[in-house]
Asker: 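Mind looking over this structure? Questions follow.
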Amino acid sequence: MANFIKFLFGKDTASKRLLPKVETLKIVVVEFAEYGNYGFGQAMARLLQKNQYFNVRYFDEPFNKGFLNLQGRGFFDLVDAGNMILQKLNADVIVWGYQEEANIRLNFQTANVYSDWENVSCSILESLYVPAEYFEHISFFPEMLENLITGTIAAAISEQRIDLRHLKQKLLKNTITNFMTDSQSENNNVMLSPCALNTTGLIYLSNTQRELTHKNFNTIKELLQNALSYKNQIIQNVHLGCIYKNLGQLYETALKQELGGYWQLFREAINNYRTAQKYLDHYNYPYDFAMISFKLSQLYFRYWKFSNDIQALRDAVHYLREAEQTYTEISFPELWSKIEGYLGFYLSLLGLFSKSNDISKLAIKSYKNKQTVYRKELYPVAWAKIQENIANVYYNIGKNAKDKTALAEAIDYYQSALKVYENKKLRQDIIVVNNSMDKVMKAWKM
């Protein structure tokens, strides 16, 4: 009887079904204006709060927002201020707003915005222009435009955020489904602005980057090329840079997905990225310029592997050097160490094929730079791998120049790596290093 009463009045908690927890994105909306027109940010926050997947906070602490005009060196301040807000509020995405005449320009920032080099990325410079009057009457905000904002927020989430990957894909798919449903909307003219077309292309690309089909490729290409066709509407050159950057990402993704026509895809990816850098220059937009430089280095290296064109390998090194200027050891130690590792590898190959000991020594320097981050006491196996790479370079120097001093250095570096592998009982690595030392000894006797 007691159990029956508990059941009737809901006291038996064990019998209750727990509702699944809804995944959410933590979003911060920063008030749009430094002076005048206050309330647009609050209206934006109310609009986003309608989405069940968004946990929205409104931020209006006083600070100089002059850098939001995206002009000049103030872009450094934009990135830094955004990162501080993201960290302070433990947020996933910031929505920035800035009034330009009768429009509000929206930009989106995440903590990983300039560190996810391997995937399709969404720059802070990607912009959406919304008529300011929509924020004065938020209840009449066009659904198609609201959907576009949702998709842009989802596209901004880095693929490095494994915890948000499922939610990101859900939001992107919902956005694209709504695009198809709303294609006949009376607000279709809003979607024909170059920034809206560019962002729509980015949303489709972000959604299909792991399974890009020929059909999707053509759809995205048409969206981005249509954006370029509205050049007379483009307010700042930076927006042109974003469109060309996304075209570069499209062709690079198609190359990774092996959609065919390799040489054409290589050329288009490289040409579009290089064109983007003309507008996203190193002085004013260093992070975008540096990220594109890294992507170019990877493309040129792949091109070298296909063509054996030594100039492509030199170009790969050149663009890594460009990226190195922005991703410094002090500000981005992990990313800098990654660049140094690639530099060590590319320079070692360049030194080998050009038979230049000076270039090979630059490779050794880059590898040692990487070890300042991957120190032996913290990362013994990673440190040992670098020791092994340095040994390989010394072996090539010694063999090509018949330099026994270099061969002796190779043995020393191999042995230091071997000690770590033996300590960690890494059997396969031990076999590889022992075989490498045998090759050194053969070269010594020649």
Side-chain angles (χ1 to χ4, degrees), residues 108 113 116-123 125-129 144-145 147-159 165 168-183 188 190-231 233-234 238-276 279-280 288 291-292 295-296 298-299:
F108 308 85
V113 63
D116 189 359
W117 296 344
E118 307 298 336
N119 299 292
V120 171
S121 63
C122 178
S123 168
L125 300 174
E126 312 282 357
S127 302
L128 279 177
Y129 283 87
M144 178 173 272
L145 195 50
N147 182 56
L148 183 59
I149 292 171
T150 298
T152 310
I153 289 172
I157 298 297
S158 168
E159 286 293 302
R165 191 175 292 172
K168 172 181 177 174
Q169 287 302 313
K170 181 188 295 184
L171 290 169
L172 288 172
K173 288 177 181 178
N174 289 346
T175 297
I176 291 170
T177 300
N178 291 335
F179 278 153
M180 296 175 180
T181 304
D182 297 336
S183 60
N188 221 12
V190 176
M191 301 296 290
L192 294 179
S193 72
C195 287
L197 288 166
N198 171 58
T199 305
T200 305
L202 180 61
I203 289 169
Y204 273 91
L205 180 57
S206 183
N207 182 58
T208 60
Q209 63 178 304
R210 297 189 181 279
E211 295 181 1
L212 184 65
T213 64
H214 286 282
K215 181 180 179 180
N216 289 330
F217 174 87
N218 290 328
T219 298
I220 298 164
K221 179 181 175 183
E222 184 177 0
L223 284 165
L224 296 176
Q225 288 182 336
N226 283 342
L228 288 176
S229 70
Y230 287 89
K231 280 187 178 181
Q233 296 182 30
I234 294 178
V238 65
H239 304 319
L240 271 174
C242 287
I243 298 170
Y244 281 113
K245 183 262 299 181
N246 289 333
L247 275 168
Q249 291 195 114
L250 172 62
Y251 284 104
E252 183 185 12
T253 302
L255 193 62
K256 290 178 179 178
Q257 296 289 327
E258 299 184 350
L259 290 189
Y262 291 111
W263 302 118
Q264 179 69 16
L265 294 175
F266 270 121
R267 283 194 295 269
E268 291 293 338
I270 289 170
N271 289 340
N272 280 293
Y273 275 142
R274 292 179 66 175
T275 303
Y279 301 104
L280 307 176
D288 290 89
M291 176 175 258
I292 293 171
K295 288 176 177 288
L296 280 168
Q298 301 295 285
L299 283 167

Asker: Below 4.5 Å, heavy atoms only, C-beta onward: do Thr200 and Leu148 meet side chain to side chain?
Answerer: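 The answer is yes, as the side chains (C-beta and beyond) meet within the 4.5 Å cut-off.
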
Asker: Counting the benzene-type ring for Trp, do Phe266 and Tyr251 have ring centres under 6.0 Å apart?
Answerer: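 Ring centres of Tyr251 and Phe266 not closer than 6.0 Å.
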
Asker: Taking it one step at a time, do Leu228 and Asn198 satisfy side-chain contact (heavy atoms from CB on, under 4.5 Å)?
Answerer: CA-CA 9 Å; Leu228 288 176; Asn198 171 58; over 6 Å; no

Asker: How long is the gap from OG1 on Thr177 to CZ on Phe179, to the nearest 0.5 Å?
Answerer: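 One finds 10.5 Å between OG1 of Thr177 and CZ of Phe179.
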
Asker: To the nearest 0.5 Å, what is the distance between OG on Ser123 and CG on Leu280?
Answerer: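 That separation rounds to 7.0 Å.
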
Asker: If I take atom CD1 from residue Ile220 and atom CG from residue Leu205, how far apart are they, to the nearest 0.5 angstrom?
Answerer: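 Here the rounded value is 4.5 Å.
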
Asker: Among Arg210, Glu159, Gln209, Glu252, find the residue that satisfies the side-chain contact (heavy atoms from CB on, under 4.5 Å) test when tested with Val120.
Answerer: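 It is Gln209, the one option of Arg210, Glu159, Gln209, Glu252 that forms the side-chain contact (heavy atoms from CB on, under 4.5 Å) with Val120.
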
Asker: Could you give the distance from CG (Asn147) to CG (Asn178), rounded to the nearest 0.5 Å?
Answerer: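 That separation rounds to 4.5 Å.
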
Asker: What's the shortest heavy-atom distance between Ile157 and Lys168, and which atoms?
Answerer: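 That closest heavy-atom pairing would be O-NZ, 2.7 Å.
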
Asker: Side-chain contact, heavy-atom cut-off 4.5 Å: Thr275 with Leu247?
Answerer: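 Answer no - side chains too far apart.
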
Asker: Check Lys295 against Ser121 and note the closest heavy-atom contact, atom names and distance.
Answerer: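 Shortest heavy-atom separation between Lys295 and Ser121 comes out as CE-OG, 4.4 Å.
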
Asker: Closest heavy-atom contact between Glu211 and Asn216?
Answerer: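 Scanning both residues, the minimum pair turns out to be O-ND2, 4.2 Å.
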
Asker: Please give me the minimum heavy-atom distance between Ile292 and Ala276, naming the atom from each residue.
Answerer: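 What the structure gives for the nearest pair is CD1-CB, 4.0 Å.
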
Asker: Below 4.5 Å, heavy atoms only, C-beta onward: do Lys245 and Asn272 meet side chain to side chain?
Answerer: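 No, their side chains stay 4.5 Å or more apart.
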
Asker: Of all heavy-atom pairs between Leu172 and Ser206, which one has the smallest distance, and what is that distance?
Answerer: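 In this case the closest contact between Leu172 and Ser206 is CD1-OG, 3.7 Å.
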
Asker: Inspect the surroundings of CD in Glu222 and state if more than 12 heavy atoms from other residues, nucleotides or ligands are less than 6.0 Å away.
Answerer: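 Count not over threshold, so no.
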
Asker: Begin from the C-alpha positions of Gln249 and Asn246 and carry the test side chain to side chain donor-acceptor pair (under 3.5 Å) through to its verdict.
Answerer: CA-CA 5 Å; Gln249 291 195 114; Asn246 289 333; 3.0 Å; yes

Asker: How many angstroms lie between atom CD1 of Ile203 and atom OG1 of Thr152, to the nearest 0.5 angstrom?
Answerer: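 Rounded to the nearest 0.5 Å, the CD1-OG1 separation comes to 4.0 Å.
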
Asker: To check you understand the geometry: which heavy-atom pair defines the closest contact between Leu202 and Cys122, and what is its length?
Answerer: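 Smallest interatomic distance, heavy atoms only, reads CD2-SG, 3.6 Å.
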
Asker: Using 0.5 Å steps for rounding, measure from the OH atom of Tyr204 to the OG1 atom of Thr175.
Answerer: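 If I round to the nearest 0.5 Å, the distance is 9.5 Å.
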
Asker: What do you reckon, are the aromatic ring centroids of His239 and Tyr244 less than 6.0 Å apart?
Answerer: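 No: the rings miss the under 6.0 Å criterion.
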
Asker: Are Phe217 and Thr208 close enough that some pair of their side-chain heavy atoms sits under 4.5 Å apart?
Answerer: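 A side-chain contact is absent here, since even the closest heavy-atom pair is not under 4.5 Å.
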
